[in-house]
Colleague: 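I have a structure I would like to understand better, so I am pasting it below and will then ask my questions one at a time.
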Amino acid sequence: EIWAPTQAPDLVRLTASSLCPAGTVVKVVNTLAGSGFGRKFEQDFIREGIQVGLACPGRPVKLTWPREQDFANDQFRPMAMSRIEAAASPTSGRLSAWRNRIVTPSINAQRGGDLAALDGSAVDGAIDLPYAMDSVLVDFVRHDTTIPVGYWRSVGMSINTFAVESAIDELANTLGWDPIAFRLANLAQPRLVGVLNALKTFARWGSPLATGHAQGVAIAAGFGSFMGQVAEVSVNASTGALTVHRISTVIDCGTVIHPDAVRAQIEGAVAQAVAATLYGQQTFVNGVPQVTNFNRYRLLRLQDMPQVDVQIISNGDAPGGVGEPGVPCVAPAIANAHARLVGPTARRRSLPTVSYTHLTLPTKRIV
């Protein structure tokens, strides 16, 4: 009998069955899984608890990892690098060609998946783009690493949407187009057109802002929902510190079952995504994690939390997800707003995410 805060009780049963004697009846009691976000999908702590329990027959066993062990034995959000090349008409703004080469570890491959297959989570948010283009090429180069990587809220979309929507904004700036007008000129997804038009009004795009403030926009489609967000930021002239003042969100998630739950999910996602965008980083030396507690891993504090405004579009379509879609657009919206303040040459193209000190690329490429 296993009591655990797990996101995958079915996998817990399989894990227990693989460790216990044949014919063992397995019961799983799923407790509250606060702060799961993909980590509590994993089976390492489950496996360890079962092994300790089997070594102590007839006695209840409680397994708790100290914070330092938890930090050092995580399944880390994969590092990733993207190179994007694109072509667009300076007059019509029409996108004509797009190439995106992504280098990142494969979560699926580390779990024994087919090494010759495409890892969908690695390219999620980079393929099936909502923009109309004549020529599109997306390459995935698997970067093998001994550092364990795992699922994080919105998985590949949290990485690839940052690259895609930052590049779209750079194109708009290069061509002299308003970022929202440029996206509307190229969108091929009607529901995102509706989201973006609603967001333009909801976020008061183009209206006068406080001195030293700027707005940035990003959009995405995933998990059955359609999302747009506008970030309002400022930069301290003396220190260069970035402050996020407001995140305005419009989400089309089809039929809405519980509007308050949708807003709560978006608010929580924004808090998590802002923290990851500005602060969240783990570093490694010879494969050993260097950050082992919250004294070196900053989370979002109350004074850092932006105002979050949410508008929900309910249109009678099938219900879409709301737990994941609130994350991917936050980082590019912040980066795009920041670039409008500091200028395109100072644009931030990297985030404080997992970094490696021993990069080696595989010779085999998977497309």
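Because the structure is a prediction, the values reported are computed rather than measured. Residues take their numbers from the sequence shown, with the count starting at 1.
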Colleague: Are the side chains of Ser35 and Phe37 in contact, using a 4.5 Å heavy-atom criterion?
Modeller: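 Answer yes - side chains close enough.
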
Colleague: Could you tell me whether a side-chain N or O of Gln265 sits under 3.5 Å from a main-chain N or O of Pro325, the two making a donor and an acceptor?
Modeller: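 Side chain of Gln265 to backbone of Pro325: no pair is present.
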
Colleague: If you measure from CZ on Phe226 to SG on Cys253, what distance do you get to the nearest 0.5 Å?
Modeller: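 SG of Cys253 is found 11.0 Å from CZ of Phe226.
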
Colleague: Treating Arg183 as the side-chain partner and Tyr131 as the backbone partner, does any N or O pair qualify as donor plus acceptor under 3.5 Å?
Modeller: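 Not at all, since once roles are kept as given, no pair shorter than 3.5 Å links the two residues.
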
Colleague: Take Arg111 and Asp119, measure what salt bridge (charged side-chain N to carboxylate O under 4.0 Å, His left out) needs, and give me the verdict at the end.
Modeller: CA-CA 11 Å; Arg111 284 153 177 75; Asp119 185 346; over 6 Å; no

Colleague: Write out all pairs satisfying side chain to side chain donor-acceptor pair (under 3.5 Å) with one or both partners inside residues 308-324, taking only residues at least two apart or from two chains.
Modeller: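 For residues 308-324: Arg191-Asp317, Arg246-Asp309, Asp252-Asn315, Gln307-Asp309.
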
Colleague: Which residues satisfy the ring-ring contact (aromatic ring centres under 6.0 Å, His included) test with Phe41, sequence neighbours excluded?
Modeller: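 Applying ring-ring contact (aromatic ring centres under 6.0 Å, His included) to Phe41 gives Tyr151.
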
Colleague: Taking all atoms of both residues into account, what is the closest heavy-atom pair of Lys40 and Gly34, and its distance?
Modeller: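 Heavy atoms of Lys40 and Gly34 come nearest at NZ-O, 2.7 Å.
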
Colleague: Just do the side chain to side chain donor-acceptor pair (under 3.5 Å) check on Asn173 and Arg347 with the steps written out, would you?
Modeller: CA-CA 12 Å; Asn173 179 73; Arg347 169 180 283 273; over 6 Å; no

Colleague: Could you state the interatomic distance from CD (Gln110) to OG1 (Thr145), rounded to the nearest 0.5 Å?
Modeller: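 Gln110 atom CD to Thr145 atom OG1 measures 7.0 Å (nearest 0.5 Å).
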
Colleague: Please give me the minimum heavy-atom distance between Leu175 and Pro90, naming the atom from each residue.
Modeller: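 Looks like CD2-CA, 3.7 Å.
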
Colleague: For Gln189 and Leu187, indicate whether the former's side chain and the latter's backbone hold a donor-acceptor pair under 3.5 Å.
Modeller: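 Here the side-chain-to-backbone pair does not exist.
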
Colleague: When you measure from the side chain of Ser154 to the backbone of Met157, do you find a donor-acceptor pair of N or O atoms at a distance under 3.5 Å?
Modeller: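 Pair absent, no side-chain N/O of Ser154 close to backbone of Met157.
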
Colleague: Check this for me: does any side-chain nitrogen of one of Arg263 and Asp260 sit under 4.0 Å from a carboxylate oxygen of the other?
Modeller: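 Answer for the salt bridge query: yes.
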
Colleague: Would you check if Thr283 and Gln281 make a side-chain contact, meaning some heavy-atom pair closer than 4.5 Å?
Modeller: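 Yes; the side chains approach each other to less than 4.5 Å.
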
Colleague: Are Thr6 and Thr31 side-chain neighbours, meaning at least one heavy-atom pair lies under 4.5 Å?
Modeller: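 Thr6 does not reach Thr31 side chain to side chain.
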
Colleague: How far apart are the closest heavy atoms of Ala337 and Ala231, and which atoms are they?
Modeller: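 Residues Ala337 and Ala231, closest heavy atoms: CB-O, 3.6 Å.
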
Colleague: Check whether any side-chain heavy atom of Arg101 sits under 4.5 Å from a side-chain heavy atom of Glu85, and report yes or no.
Modeller: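 Of all side-chain heavy-atom pairs linking Glu85 with Arg101, none is under 4.5 Å.
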
Colleague: Identify each donor-acceptor pair in which a side-chain atom of residues 53-74 lies under 3.5 Å from a protein atom, sequence neighbours left out, and give them as a table.
Modeller:
from  : atom 1 : to     : atom 2 : distance (Å)
Glu68 : OE2    : Asn293 : ND2    : 2.6
Asn73 : ND2    : Gln69  : O      : 2.9
Asp74 : OD1    : Arg39  : NE     : 2.9

Colleague: State which residues pass ring-ring contact (aromatic ring centres under 6.0 Å, His included) with His338; sequence neighbours excluded, sorted by chain then number.
Modeller: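 ring-ring contact (aromatic ring centres under 6.0 Å, His included) list for His338, sorted by chain: empty.
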
Colleague: Has the side chain of Thr24 got a donor or acceptor atom that lies under 3.5 Å from a matching backbone atom of Cys20?
Modeller: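 No, the answer is negative, given that no donor and acceptor are paired below the 3.5 Å cut-off.
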
Colleague: Atom CG in Leu171, atom OG in Ser166: separation rounded to 0.5 Å?
Modeller: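 Going from the CG atom of Leu171 to the OG atom of Ser166 covers 11.5 Å.
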
Colleague: Would you mind checking if Asp169 and Arg340 are paired as a salt bridge, meaning a charged N to carboxylate O distance below 4.0 Å?
Modeller: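 Here Arg340 does not pair with Asp169 in a salt bridge, since their nearest N and O are not under 4.0 Å apart.
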
Colleague: Rounded to the nearest 0.5 Å, what's the gap from CZ on Arg142 to OG on Ser106? Could you check?
Modeller: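 Arg142 CZ to Ser106 OG: 6.5 Å, rounded to 0.5 Å.
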
Colleague: Dump the intermediate steps for side chain to side chain donor-acceptor pair (under 3.5 Å) on Asp178 and Trp205, then the final yes or no.
Modeller: CA-CA 10 Å; Asp178 172 83; Trp205 182 267; 2.9 Å; yes

Colleague: Before you tell me yes or no, could you show the steps for Arg47 and Glu42 under salt bridge (charged side-chain N to carboxylate O under 4.0 Å, His left out), namely the whole-Å CA-CA distance, both residues' side-chain angles and the distance that decides it to 0.1 Å?
Modeller: CA-CA 10 Å; Arg47 188 175 295 106; Glu42 307 295 346; over 6 Å; no

Colleague: Do you reckon Ile334 sits in the same ILVMFWY cluster as Val235, going by side-chain contacts under 4.5 Å, direct or chained?
Modeller: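 In one cluster: yes.
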
Colleague: Membership question, hydrophobic clusters at under 4.5 Å side-chain separation (ILVMFWY): are Leu11 and Leu19 in the same one?
Modeller: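 No, no single cluster joins them.
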
Colleague: Please assess Arg77 against Ser158 for the test side chain to side chain donor-acceptor pair (under 3.5 Å), listing each intermediate value before the final yes or no.
Modeller: CA-CA 10 Å; Arg77 182 188 185 199; Ser158 71; 3.0 Å; yes

Colleague: Please check this pair: side chain of Gln229 against backbone of Val330, looking for a donor-acceptor N/O pair closer than 3.5 Å.
Modeller: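 Confirmed, Gln229 side chain pairs with Val330 backbone.
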
Colleague: Rounded to the nearest 0.5 Å, what separates atom CD1 in Ile247 from atom CD in Glu267?
Modeller: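 Answer rounded to 0.5 Å: 12.5 Å.
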
Colleague: Quick test of your reading of the model: are Arg204 and Glu232 salt-bridged, counting only N-O distances below 4.0 Å?
Modeller: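 Answer for the salt bridge query: no.
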
Colleague: Check whether any side-chain heavy atom of Met79 lies under 4.5 Å from a side-chain heavy atom of Pro105, and answer yes or no.
Modeller: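 Of all side-chain heavy-atom pairs linking Pro105 with Met79, at least one is under 4.5 Å.
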
Colleague: side-chain contact (heavy atoms from CB on, under 4.5 Å) with Ile219: which of Leu192, Val164, Thr161?
Modeller: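 When Leu192, Val164, Thr161 are each tested with Ile219, the side-chain contact (heavy atoms from CB on, under 4.5 Å) holds only for Leu192.
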
Colleague: Heavy-atom distance under 4.5 Å between the side chains of Gln43 and Leu14, does that happen here?
Modeller: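 In short, these two side chains do not touch, never coming nearer than 4.5 Å.
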
Colleague: Look at the rings of His213 and His245 and say which category their plane angle falls in: under 30° parallel, 30 to 60° tilted, over 60° perpendicular.
Modeller: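 Because their plane-to-plane angle is under 30°, the rings of His213 and His245 count as parallel.
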
Colleague: Less than 4.5 Å apart, any side-chain heavy atom of Pro179 and any of Asn336?
Modeller: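 With C-beta onward as the side chain, the pair stays apart.
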
Colleague: Is the shortest side-chain heavy-atom distance between Val233 and Leu341 below 4.5 Å?
Modeller: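 The answer is yes, as the side chains (C-beta and beyond) meet within the 4.5 Å cut-off.
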
Colleague: Which heavy-atom pair separates Ser238 from Asn236 by the least distance, and what is that distance?
Modeller: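 Closest heavy-atom pair between Ser238 and Asn236: N-OD1, 2.8 Å.
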
Colleague: Establish whether Leu129 and Val327 are linked, either directly or via other cluster members, by ILVMFWY side-chain heavy-atom contacts under 4.5 Å.
Modeller: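 Not linked; separate clusters.
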
Colleague: Starting at CG of Asn108, measure out to CG of Leu118 and round the result to the nearest 0.5 Å.
Modeller: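 Here the interatomic distance stands at 9.5 Å.
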
Colleague: What closest approach, in Å, do Ala126 and Asn100 show between heavy atoms, and which atom pair accounts for it?
Modeller: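 In terms of heavy atoms, the two residues are closest at CB-ND2, 3.8 Å.
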
Colleague: Quick check: does any side chain N or O of Arg153 sit under 3.5 Å from a backbone N or O of Gln272, one acting as donor and the other as acceptor?
Modeller: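 Flag not set: sc Arg153 to bb Gln272 has no pair under 3.5 Å.
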
Colleague: Compare every heavy atom of Ala167 with every heavy atom of Trp98, then report the nearest pair and how far apart it is.
Modeller: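 Closest approach of Trp98 to Ala167, heavy atoms only: CH2-CB, 4.0 Å.
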
Colleague: Decide whether Leu184 and Val230 are clustered together by the hydrophobic rule: side chain heavy atoms of Ile, Leu, Val, Met, Phe, Trp, Tyr closer than 4.5 Å, transitively.
Modeller: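 Same cluster.
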
Colleague: Side-chain atoms of residues 193-200: list all donor-acceptor pairs with protein atoms under 3.5 Å, sequence neighbours left out, distances to 0.1 Å.
Modeller:
from   : atom 1 : to     : atom 2 : distance (Å)
Asn197 : ND2    : Val193 : O      : 3.2

Colleague: For a side-chain contact (heavy atoms from CB on, under 4.5 Å) check, start with the C-alpha distance between Val28 and Trp3, then their side-chain angles and the critical distance, and finish with the verdict.
Modeller: CA-CA 6 Å; Val28 179; Trp3 292 57; over 6 Å; no

Colleague: Only counting residues at least two apart or in another chain, list the ones meeting side-chain contact (heavy atoms from CB on, under 4.5 Å) with Asp304.
Modeller: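 Expected list: Tyr279, Arg298, Leu300, Arg301.
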
